[in-house]
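A short worksheet on the structure shown next.
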Amino acid sequence: METSLLADLLLTSIDQGKRPQLTIATRSMVPLLRPGDQVCLGPADLQALQVGDLIAVAAPARLLIHRYWGPTVVAGQRHLLTRGDRPLTFDPPWPADCLVGQVIARRRGQRRLWLTHGRGRWLNRWLARLSALELRLLSDSPQLGRERPGERVNLPSPWEGEGPGVRVRLIRRAFLTLATLLSELVSLR
C-alpha cells in the first residue's frame, strides 16, 4: 500500500476516535519497541508534542516511528526533527504535514504499556534521556565528529582493532544494556 494512502487512512481513523495499531518491523527503537511489537496511535497535536514523544511520520517509502526531538525551520517552514534510539543520526527534517499520530501504547504479547502516563511514560522519558546522552557523548568521538540533523554517521566496524572504535562500541553496548534493563524492569510489573 502506498505510504500516503496508508497515512490518510490512519489519520481518518484517528480523527474518528479510533486507535489504529501498527506492527514494528525494524530495530531502530530497541529496546522500547522491538520487531513484532504493536503500537497504538492516537492524535498528535504539534503544539503539545514534547521532546521524547514517539510519533509516526509518513516517510516517502514507509511509515516511520521515531522519537520527536523538537521543531526546526527549513526554508521558512516548520519541520519535525526525529531520530530512532539506535541510530546515531537524525532523520531528514519532516514537514509538519507528514505527522500521522503519536504512539500512545505498546503491546508485546499480551502485555500493554501505556506511554502517555504511569510507568510507561516514566520509561519513555528515561529512554529519551539515555538516547540524548549517548548521542552527546559519542558526538565528541573522532569517528563521529559533530552530529547535525540529516547527516549520516559512519560508525567503525565492530571487527576493527583497538582505538576510538572500541570506545564507541563499549559506550553503545553500555547504553543499550542500561536501556534494556530499565525496559525489562518496567515490563515485569
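In what follows, every heavy atom counts, from backbone to side chain, and hydrogens, waters and symmetry copies are set aside. For clarity, every value in this text was computed on a predicted model and none was experimentally measured.
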Is Tyr68 reachable from Trp122 through a run of hydrophobic residues whose side-chain heavy atoms are each under 4.5 Å from the next?
no
Do you know which two heavy atoms are closest between Ala128 and Trp69, and how far apart they sit?
O-CH2, 3.4 Å
Output all residues satisfying side chain to side chain contact (heavy atoms under 4.5 Å, CB included) with Ala96, sequence neighbours left out; order by chain, then residue number.
Leu46
If you round to the nearest 0.5 Å, how far is CD1 of Ile104 from CG of Leu113?
12.0 Å
What is the distance from atom CZ of Arg108 to atom CD1 of Ile24, rounded to the nearest 0.5 Å?
10.0 Å
Not counting sequence neighbours, list each pair that qualifies as a side-chain hydrogen bond (donor to acceptor under 3.5 Å, both in side chains) and has a residue in residues 92-102.
Thr82-Trp94
For the OG atom of Ser13 and the CG atom of Asp8, what is their distance to the nearest 0.5 Å?
12.5 Å
Sequence-distant partners of Gln21, side chain to side chain contact (heavy atoms under 4.5 Å, CB included), two or more places apart
Gln38, Cys40, Arg107, Arg112
For a quick test of reading the model, state the closest non-hydrogen atom pair linking Asp85 to Glu134 and the distance between them.
O-OE1, 4.0 Å
Set out, in order, the CA-CA distance, both residues' side-chain angles and the distance that settles side-chain contact (heavy atoms from CB on, under 4.5 Å) for Arg27 and Arg86, then state yes or no.
CA-CA 7 Å; Arg27 297 183 49 81; Arg86 296 316 311 144; 5.5 Å; no
Co-membership, hydrophobic cluster, residues Leu10 and Met29, 4.5 Å side-chain:
yes
Evaluate side-chain contact (heavy atoms from CB on, under 4.5 Å) for Leu181 paired with Glu184, printing each intermediate quantity in order.
CA-CA 5 Å; Leu181 180 62; Glu184 292 302 320; 5.6 Å; no
Taking side chain to side chain donor-acceptor pair (under 3.5 Å) as the test, write out the residues that go with Gln16, two or more places apart.
Lys18
Heavy-atom closest pair, residues His79 and Pro95
CD2-N, 3.3 Å
Smallest heavy-atom separation, Leu99 atom then Leu11 atom, equals O-CD2, 4.1 Å
Is the NZ or CZ atom of Arg129 positioned over Trp126's six-membered ring, under 6.0 angstrom from the centre and within 45° of the axis?
yes
Roughly how far, to the nearest 0.5 Å, is CD1 of Ile171 from CG of Leu138?
5.0 Å
Return the minimal non-hydrogen interatomic distance between Leu115 and Gly120, and the atom names on each side.
CD2-O, 3.8 Å
Could you grab the distance from atom CG of Asp91 to atom SG of Cys98, nearest 0.5 Å is fine?
11.5 Å
Taking atom CZ as the centre, does Arg173 end up with more than 12 heavy-atom neighbours from other residues, nucleotides or ligands that are less than 6.0 angstrom away?
no
Residues in side chain to side chain contact (heavy atoms under 4.5 Å, CB included) with Leu130, at least two apart?
Leu127, Phe175, Leu178, Ala179, Leu182
I would like to know whether Thr23 and Asp37 meet side-chain contact (heavy atoms from CB on, under 4.5 Å); could you show each step before the answer?
CA-CA 6 Å; Thr23 301; Asp37 287 349; over 6 Å; no
Roughly how far apart are Ser183 OG and Leu32 CG, rounded to 0.5 Å?
6.0 Å
Side-chain donor-acceptor pairs of residues 47-65 under 3.5 Å, sequence neighbours excluded:
| from | atom 1 | to | atom 2 | distance (Å) |
| --- | --- | --- | --- | --- |
| Gln50 | OE1 | Arg121 | NH2 | 3.3 |
| Gln50 | OE1 | Arg125 | NH2 | 3.2 |
| Asp53 | OD1 | Arg125 | NH1 | 3.3 |
| Asp53 | OD1 | Arg125 | NH2 | 2.7 |
| Asp53 | OD2 | Gln50 | N | 2.8 |

Please report the shortest heavy-atom distance between Ser187 and Arg106, naming the atom on each side.
OG-NH2, 3.2 Å
Apply side-chain contact (heavy atoms from CB on, under 4.5 Å) to residues Arg83 and Leu135 and explain how you reach the verdict.
CA-CA 11 Å; Arg83 183 174 72 85; Leu135 181 65; 3.7 Å; yes
